[in-house]
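Down below is the structure, laid out as structure tokens.
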Amino acid sequence: MSLHFVEFELNGCQIDGMVEARRTLLDFLRCDVGCTGPHAGCEHGVCGACTVLVEGQAVRSCLMLAVQANGKTVETVEGLSGGPKELHPIQQLFREEFALQCGFCTPGFLMTLVALDRSEPRPNAAEMREALSGHLCRCTGYQGVLRVIDRLTEDRK
Amino acid sequence: MSEHPIATGARFVGKRIQRKEDRRLLTGRGTYIDDVVVAGMLHAAFVRSNVARGQILRLDIAQARALPGVFAVYIAADLDQLGCQPGNPVFDMPGCPSPDNGLLARTDVRFVGDPVAIVLATTRAIAEDAVALVEVDYRAEAPVIGIAAAQTMPPVHPHLPDNLVNAMDSGRDDEIDAIFASAAHVVEDTIRNCRQAHMPMETRGLVAAPDGTGELTVHAACQSPHLSALHIATAFNMNQHQVRVIGKDVGGGFGLKMSPQRDDMAVIAAAILAGRPVKWIEDRLENLIAGGQSREDQMSVRLAFDADHRLLAADVEYDCDFGAYPYATQSSASLVTPMFPGPYRLPRYRWKAKGWYTNTSGLVPYRGPWMLEMFAREAMFDVAAREMGADSIELRRKNIIGKPDQPFQTAAGFVLADISPRETMELAVSAIDVPAFRRDQAHAREQGRYLGLGLANGIEPTTVSFGYFASDMAHVRIEANGRVTAMTTTFSQGHGTVTSLAQVIAERLGVPFEDVTVVEGDSSQIGFGSGAGGSRQAVAGGGAAIKASDLLREKIQRIAAHAYNASPEAVRIENGVITIEGAPEVRSSVAEIAQIAYVAPDRLPHDMEMGLESQYRYRPPPMVLANATHACICEVDVETGKVSILRWVAGSDCGELINPAIVEGQIAGGVVQGIGGVLFEHLRYDEDGQPLAVTLKDYLLPTGLDVPRIEYQHMCTPSSTPGGFKGVGEGGAMISPPTLVNAIADALAPFGKRWLNMPLSPDRIVCALEQ
């Protein structure tokens, strides 16, 4: 199978590689780049655990090919803060509201919420809840995530 | 609660302390099984049967084997060389014949998804390419699908006489028939649950790495590294020290990852044969068709009441679909019939229970595997109340036991103690404000809207301590710098045990919470323990942590007393600082005592062992009971069948809460899984044995739009264990289905139907209403 050159900006760093055309962005990030924050939950675009930002838009990296990311800007959960000692405000809210248990789905929730929180006009709670219905969590019953949305949109009721 | 109040400093137990594990998980730095990379690792993919039952006529691996990048393609005969015995040493019923057909199907396949061959390749993509090149011809046979078929059709496993996995009953009881014959009211029906999947967001997976010395390291997405190591060593006839199982972050378990299954063992066997590390990550299709299932069970219930609506007798028959290759020949579903009396006065009780093999994916216990006892009883109570013209809450009030009634022996022989069923019921009833709801309901019905109130009571047996589940262990040590490291046999798949146990240990030792690190997840560290399973970690892990910490604290007190000429009883440890009652000039620290213990033996009491560490293997009581009452209000749209949940009250008595936020997380997660089981989730098979739910678009999980905001009401009746803790892991998943089904039935009461066949999905509600 022929290989294709791909390069893009990942969390502020320029990266490149040779990939098969069929290589998903998720597999490229996880296996080739070692960026294991996005997770493979279903590999058919339903669960949302693989969500990353491409050009600021939340996308399912299991449904996008690595070659399609060529020349673009990609952000993953690893890029939201400087590392485990420093949390992005939304990550901090997740911690305070016990919005995660096993944490496998969490990077996807975070990336979609970050994209929503950056967008203008900023969405209200109902819109955020609707958007997050594309993310599955099996541990928490979504109670903490709903509280996070409440706090993020306190000024937008 | 402390038995040693003088030594106890700040209270950490009972506080909503933020979790220690969250920083890494929130920043993408977790280590889940697919994040593990071992040098020289190959990737496995399975060839799986696409027929439910049939003979393998031809199996051609030549093309697959020839594909560049393929290292090996193994079939049954290859793996059979290792003589692996994949029976379940923990849960198999003694004397019960095993369905063993090898790690891969030998001559015939017994469900869609039955592994036929395993490919090892340099990448997963190549392994999957090779799977597509393996040619298999089957002669398909009529499969056994469903409990009714299992009772009459030829055996799924040809070497067994029939499809019966096991059968139990309470024995002959002629008097009970007379009670039913003369009772004022007899209500009977069959409640049918539907097949569901555990569906952790991380599928199963492992990396098996054999090395030249005959040792085997297995990185596993499991629920207990120690239990998995025991199971693997037993299956491959290895010594315990030769098998090391390491677990890091696990993306949910819910029972699915409690025991290594047949395909896990096949990966290990392939790695041993190949002499190479092998990674297998189950994909979601495999998970849906072959990962294991639960809840395909049914119970026929007959209840007898007197004229005053007091329960006289119950007669139940339980049947459970075990699939082709269940995790064991025994199910914790065997708790179904014994737990059926629940928190009620039931004078007379007769039961039968049977398990059946079918040509489907195997039974693996799913969070609250015996939940049908609660589901069937509570749903039938509401059916009975409507039938008798009684109020369903009043009916329960007449029959439920409360704290003053205990200890109380149930009709099945269990002794109920330290629980508060009547009390949590009143708590939930008052939180819901039933009279106000009935007014709202009447008003809504006038407008053609259907609101319903449902309530259910249940007892959750936790920390069932038998066999390999009889004990858990904690090793606590204070390092020379005064920091605390604890190794425990608990294991988190999201439970937050490293936080909860750090709270317990910090409080018992009198040191800062930040100074305590709990390490779990490696079978080579400390002795055997059973990890997560049966809602046991707070009680068993917490008990071991308390006992080990108390031993250590006594040693600190003795060393400090010796160093400062005081009695041990006068030594106070708070926030890592040591003071002596009656000697205000003395101010020492745990770190200083640790220095004495490790490097200044002359300052230790005579004959005292150096170091500052302790370990304790704690044996919990045979069973620790928790109880709960949940109540919910829902609205059913009779045009679309959509059920909207408007309120949910969770009244629980889980004893002393270590971290209420973590406890509530366990309750919420279970409740929402139960809601999914009632409204959406259904692993259906067609009559040919083909699974119809093969993606997450077919198998629907609840989303954030489907869930209520749960209102928690806690009561505390401490258990008789150290700390007064109880388990809480499964109750939510067991009690939410009857709570919701009762609310739906209440909403639809004007239609005069019974709602006992799951799932109550929109299409099925509409169909039933139209009939």
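In what follows, chains are A, B, ... by sequence order, proteins preceding strands, each numbered from 1.
For the options B/Gly676, B/Pro702, B/Ser492, B/Gly253, heavy-atom pairs under 4.5 Å to chain A are most numerous at B/Pro702. Comparing B/Gly732, B/Ala125, B/Gly670 by how many heavy-atom pairs each has under 4.5 Å with chain A, the most go to B/Ala125. When the candidates A/Gly41, A/Cys35, A/Pro84 are compared by the number of heavy-atom contacts under 4.5 Å with chain B, A/Pro84 comes out ahead. Per-residue heavy-atom pair counts under 4.5 Å with chain A were compared for B/Asp283, B/Leu696, B/Val672, B/Thr203, and the maximum is reached by B/Leu696. For the options A/Cys105, A/Pro107, A/Gly83, A/Ala49, heavy-atom pairs under 4.5 Å to chain B are most numerous at A/Gly83. Residue with the most contacts toward chain B among A/Cys102, A/Gly141, A/Gly37: A/Cys102 (heavy-atom pairs, distance under 4.5 Å). Ranked by heavy-atom pairs shorter than 4.5 Å toward chain A, the options B/Asp706, B/Leu701, B/Leu285, B/Thr123 are led by B/Leu701.
Using a 4.5 Å cut-off between heavy atoms, A/Arg22 touches chain B through its side chain atoms alone. Heavy-atom distances place both the backbone and the side chain of A/Gln91 under 4.5 Å from chain B. Residue contact with chain B, scored on non-hydrogen atoms closer than 4.5 Å, involves the side chain of A/Val46 exclusively. The contact between A/Gln143 and chain B is made entirely by side chain atoms (from C-beta outward), counting heavy-atom distances below 4.5 Å. For A/Thr106, the part lying under 4.5 angstrom from a heavy atom of chain B is the side chain only. Using a 4.5 Å cut-off between heavy atoms, A/Glu86 contacts chain B through its backbone alone, with no side-chain atom that close.
The two atoms that bring B/Leu26 and A/Leu110 nearest to each other are O-CD1, 3.4 Å, heavy atoms only. Summarising the geometry of A/Leu100 relative to B/Arg19, their closest heavy-atom pair is O-NH2, 3.5 Å, with the distance given to 0.1 Å. Residues A/Ser133 and B/Thr703 approach most closely at O-CG2, 3.5 Å, considering heavy atoms. When all heavy atoms of B/Ile17 and A/Phe98 are compared, the pair lying nearest together is O-CZ, 3.3 Å. Nearest approach of B/Met201 to A/Phe104, heavy atoms of both residues: O-CE2, 3.2 Å. For B/Ala668 against A/Thr140, the heavy-atom pair with the smallest separation is CB-O, 3.6 Å.
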(message) Working note: B/His198 + A/Arg138, criterion side chain to side chain contact (heavy atoms under 4.5 Å, CB included); need CA distance, chi angles, decisive distance, verdict.
(response) CA-CA 9 Å; B/His198 315 67; A/Arg138 193 58 157 168; 6.0 Å; no

(request) Could you give me the CA-CA distance, side-chain angles and deciding distance for B/Gln493 and A/Gln101, then say whether side chain to side chain contact (heavy atoms under 4.5 Å, CB included) is met? (result) CA-CA 8 Å; B/Gln493 302 88 55; A/Gln101 287 181 28; over 6 Å; no

(request) Dump the intermediate steps for side chain to side chain contact (heavy atoms under 4.5 Å, CB included) on A/Glu96 and B/Arg16, then the final yes or no. (result) CA-CA 9 Å; A/Glu96 289 171 13; B/Arg16 295 172 188 268; over 6 Å; no

(request) Apply side chain to side chain contact (heavy atoms under 4.5 Å, CB included) to the pair A/Leu87 and B/Arg23, showing each step before the final yes or no. (result) CA-CA 7 Å; A/Leu87 297 180; B/Arg23 286 185 179 278; 3.6 Å; yes

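Counting heavy atoms from C-beta on, the side chains of A/His39 and B/Glu202 never come closer than 4.5 Å. Using a 4.5 Å heavy-atom threshold, the side chains of B/Arg709 and A/Asp150 count as touching. Taking 4.5 Å as the limit, some side-chain heavy atom of B/Val707 sits within range of a side-chain heavy atom of A/Leu146.
Between the CG atom in B/Asp22 and the CZ atom in A/Arg95 there is a gap of 6.0 Å [rounded to 0.5 Å].
A side-chain donor-acceptor contact under 3.5 Å links A/Arg129 to the backbone of B/Gly704.
Within residues 31-44 of chain B, the residues having any heavy atom under 4.5 Å from a heavy atom of chain A are, by residue number, B/Tyr32, B/Asp34, B/Asp35.
With sequence neighbours left out, A/Ser119 forms a side chain to side chain contact (heavy atoms under 4.5 Å, CB included) with A/Pro123.
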